[in-house]
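Structure first, then comments.
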Amino acid sequence: MRKSLRWALSLAVLIGTAAPTGVATAADTDKDSTAVVDSQSADIKDRILAIPGMSLIEEKPYAGYRYFVLNYKQPIDHRRPWAGTFDQRISVLHKDTSRPTVFRTSGYSLSTTPSRAEPTRIVDGNQVSMEYRFFTPSRPQPADWSKLDIWQAASDQHRIFTALKKIYGQKWLSTGASKGGMTATYFERFYPNDMDGVVAYVAPNDVVNKEDSAYDRFFATVGTKECRDRLNGMQREALLRRAPLEAKYKAWAASEGATFNTIGTLDKAFEAVVLDFVWGFWQYYGEDVCDQIPDARTASDDTVYETIDAYSGWSAYTDQGLEPYTPYYYQAATELGSPDIEQPHLKGLSRYGYQPARNFVPREIPMRFKPHAMRDVDNWVRKNANRMLFVYGGNDPWGSEKFHLGKSARDSYVYVAPGANHGANVEGLVEAERNKATARILAWAGVPAPAVRAAQPLARFDTRLDRKVDEDATKEHGLRP
């Protein structure tokens, strides 16, 4: 009885919209109906802040929109909503409640600068963005890392959607790039009735963590042989010159106050950065800038050091570089998986190979890998995908392991933009696929049929507001989607 009373009191204080089922009493329904009628003439900020658990951090002006950065109170554990809460940052780019809404996640921290995802421009809609749980400041204190998993994060999205759907009552689409595309897919898997469509960009699908031969095939064939040889030569040269380059690295670390307690040693960090070099090049650059990579055979130590830094970043595996991304590496080591590639051109030079994600998480955080998590999502997508669009880049290493659709998938598509990197988007698809993808996004958003047939974005491109997809994904150095 005492536990039941404590649960009821905690739940009442916590949220109001906490229950995933959205159950309400008759009295509550009457109150809500009155509130909805009264709120139609209220300022949009007041309507949003009337949601239980919602508070304003700041409002930023942008022409044609209202932009709000907010905190939303979430349960630490959605299975036990009475057992503590944390504040999760979200943002709302408000255009009009009569327009469709796009729910965007990066899978990482929240940018507080107004921006618009490609689907938001296509449908000319509102946009809600969410900071992924455990990325600071959206981290429970103290942090119980066992509550960081894909179901808990999907449940965060479900609660945000449920709360805001009362204001934004038109169609909703979810989207994200890279880990954000993964996040949108997991959300659909666990809450398939929330969204009216999903647009997932460059979303890796590591079904079997120990089987990564697809990446080896990618790096053996991507681009031209001349470009591959140039990149491999620079990477090999960096390991051949390990002693002088590590001396430079040590001096840099001392000057910056950089430490290596999490990964263990400067030598491990040095090699991790060097091994990221080729991957980082193809993830964010491409064949068109390959001639900018110096000839490793004649390059000075300084040139080799600076080239590796430009594409991999010597800060990536310092404690200071790793700390902001501890939640990602934790998830990679517990559910998402992480790549491991052969790199035969480094045989005899590499001491550690691609290090597991566990090496990038402080040892005091316990973790256990759950191999069923990605298999479950993959199986669900193959059999149940409905109104889902996956977009990949033909020259993006993360696209080596894609999501695939089975025979029972409905109105769903997997498209690859030729030659594109981790910034692949709908605009970069071949014409027929671009038109089809645009039309389906518009249809899922419920826009009038003539606009669907025209298959053109409804809003003009805004150079300040419309960032490329790869800017939505993390562009910090390090092997992360």
Side-chain angles (χ1 to χ4, degrees), residues 102-108 117-120 128-133 148-161 172-209 214 327-328 331-332 334-339 370-393 396 398-406 408-417 422 424-426 437 440-441 444-445 469-470 472-474 480-481:
V102 174
F103 199 149
R104 180 177 78 170
T105 68
S106 72
Y108 292 93
E118 186 180 49
T120 310
V128 176
S129 301
M130 179 189 84
E131 185 161 70
Y132 204 93
R133 60 166 44 210
L148 173 58
D149 61 45
I150 59 174
W151 180 84
Q152 295 282 3
S155 298
D156 290 340
Q157 285 191 259
H158 173 70
R159 284 198 64 251
I160 295 166
F161 162 73
W172 281 64
L173 308 179
S174 64
T175 193
S178 199
K179 187 170 182 283
M182 298 158 75
T183 302
T185 303
Y186 306 152
F187 179 29
E188 182 71 6
R189 185 267 174 268
F190 293 118
Y191 295 95
N193 297 321
D194 282 4
M195 297 289 106
D196 298 290
V198 178
V199 185
Y201 297 92
V202 296
N205 180 32
D206 193 350
V207 184
V208 181
N209 189 38
Y328 163 70
Q331 286 195 284
T334 56
E335 290 184 312
L336 307 184
S338 56
K370 295 175 278 188
H372 66 277
M374 294 301 100
R375 294 173 184 173
D376 169 74
V377 174
D378 176 73
N379 183 62
W380 189 90
V381 169
R382 287 175 185 269
K383 294 180 179 179
N384 300 282
N386 183 22
R387 299 190 300 273
M388 299 186 74
L389 170 64
F390 295 92
V391 178
Y392 292 95
D396 175 22
W398 289 108
S400 300
E401 294 189 330
K402 301 178 181 65
F403 279 97
H404 297 278
L405 304 173
S408 56
R410 293 166 291 164
D411 195 10
S412 296
Y413 314 88
V414 177
Y415 291 148
V416 177
H422 207 52
N425 59 10
V426 169
R440 297 320 299 148
I441 291 169
W444 297 341
V469 171
D470 62 348
D472 202 22
T474 175
R480 292 183 298 270

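Quick caveat: nothing in here was measured; it's all calculated off a predicted structure. FYI, side chains are in, hydrogens and waters are out, and symmetry mates aren't considered; it's all heavy atoms of this structure.
Distance check, rounded to the nearest 0.5 Å: OG of S174 to CE of M130 gives 10.5 Å. We find the CZ-CG distance between F187 and D156 to be 10.0 Å, quoted to the nearest 0.5 Å. In this structure, the separation between OG1 on T105 and CZ on F103 is 7.5 Å, given to the nearest 0.5 Å. Rounded to the nearest 0.5 Å, atoms CG (L173) and CE (M195) are 8.0 Å apart. Taking OG from S178 and CZ from R480, the interatomic distance works out to 10.0 Å, rounded to the nearest 0.5 Å. With rounding to the nearest 0.5 Å, the separation of CG in L336 from CG in N209 is 9.5 Å.
Looking at V426 and V391, their side chains come closer than 4.5 Å, going by heavy atoms from C-beta outward. Q331 has its side chain within reach of Y132: a pair of non-hydrogen atoms, C-beta onward, lies under 4.5 Å apart. Residues P204 and E401 form no side-chain contact, since every pair of their non-hydrogen atoms from C-beta on lies 4.5 Å or further apart. For the pair W172/V128, a side-chain contact is recorded, criterion being any heavy-atom separation below 4.5 Å from C-beta on. Between V377 and I150 the shortest side-chain heavy-atom distance falls below 4.5 Å.
No side-chain N or O of Y186 forms a donor-acceptor pair with one of Q157 less than 3.5 Å apart. With hydrogens and angles left out, the side-chain atoms of E118 and Y201 include a donor and acceptor closer than 3.5 Å.
Listed for the D396 side chain is no donor-acceptor partner under 3.5 Å among the backbone atoms of V202. Remark: side-chain polar atoms of N205 are paired, donor with acceptor, to backbone N or O of K402 under 3.5 angstrom. Side chain of S408 to main chain of K383: a donor-acceptor pair is present (N/O by atom type, distance under 3.5 Å, no hydrogens or angles). A side-chain donor-acceptor contact under 3.5 Å links S412 to the backbone of R410. A donor-acceptor contact shorter than 3.5 Å is absent between the side chain of E335 and the backbone of D149.
The shortest non-hydrogen separation linking G181 to A200 is O-CB, 3.6 Å. Residues A203 and M182 come closest through the heavy atom pair CB-N, 3.7 Å. The two atoms that bring R375 and V207 nearest to each other are CG-O, 3.6 Å, heavy atoms only. When all heavy atoms of S338 and D206 are compared, the closest pair comes out as N-OD2, 3.4 Å. The two atoms that bring L148 and P327 nearest to each other are CD2-O, 3.6 Å, heavy atoms only. Nearest heavy-atom pair, W380 versus M388, reported as atom, atom and distance to 0.1 Å: CZ3-SD, 4.2 Å.
Applying the salt bridge (Lys or Arg N to Asp or Glu O under 4.0 Å) test to residues at least two apart or on different chains, the pairs with a partner in residues 186-195 are R189-D376.
Take F390 and apply the ring-ring contact (aromatic ring centres under 6.0 Å, His included) test, not counting sequence neighbours, and it matches F403.
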Next item on the list: Take V198 and L389 through the test side chain to side chain contact (heavy atoms under 4.5 Å, CB included) and record every step on the way to the result.
Entry: CA-CA 6 Å; V198 178; L389 170 64; over 6 Å; no
Next item on the list: Step by step, work out the side chain to side chain contact (heavy atoms under 4.5 Å, CB included) result for V199 and I441.
Entry: CA-CA 8 Å; V199 185; I441 291 169; 3.8 Å; yes
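Of the charged side-chain nitrogens involved, none lies within less than 4.0 Å of a carboxylate oxygen, so that R387 and D411 do not count as a salt-bridged pair.
Relative orientation of the Y108 and Y328 rings is tilted, given thresholds of 30° and 60° on the angle between their planes.
Atom NZ of K370 is surrounded by more than 12 heavy atoms from other residues, nucleotides or ligands within 6.0 Å.
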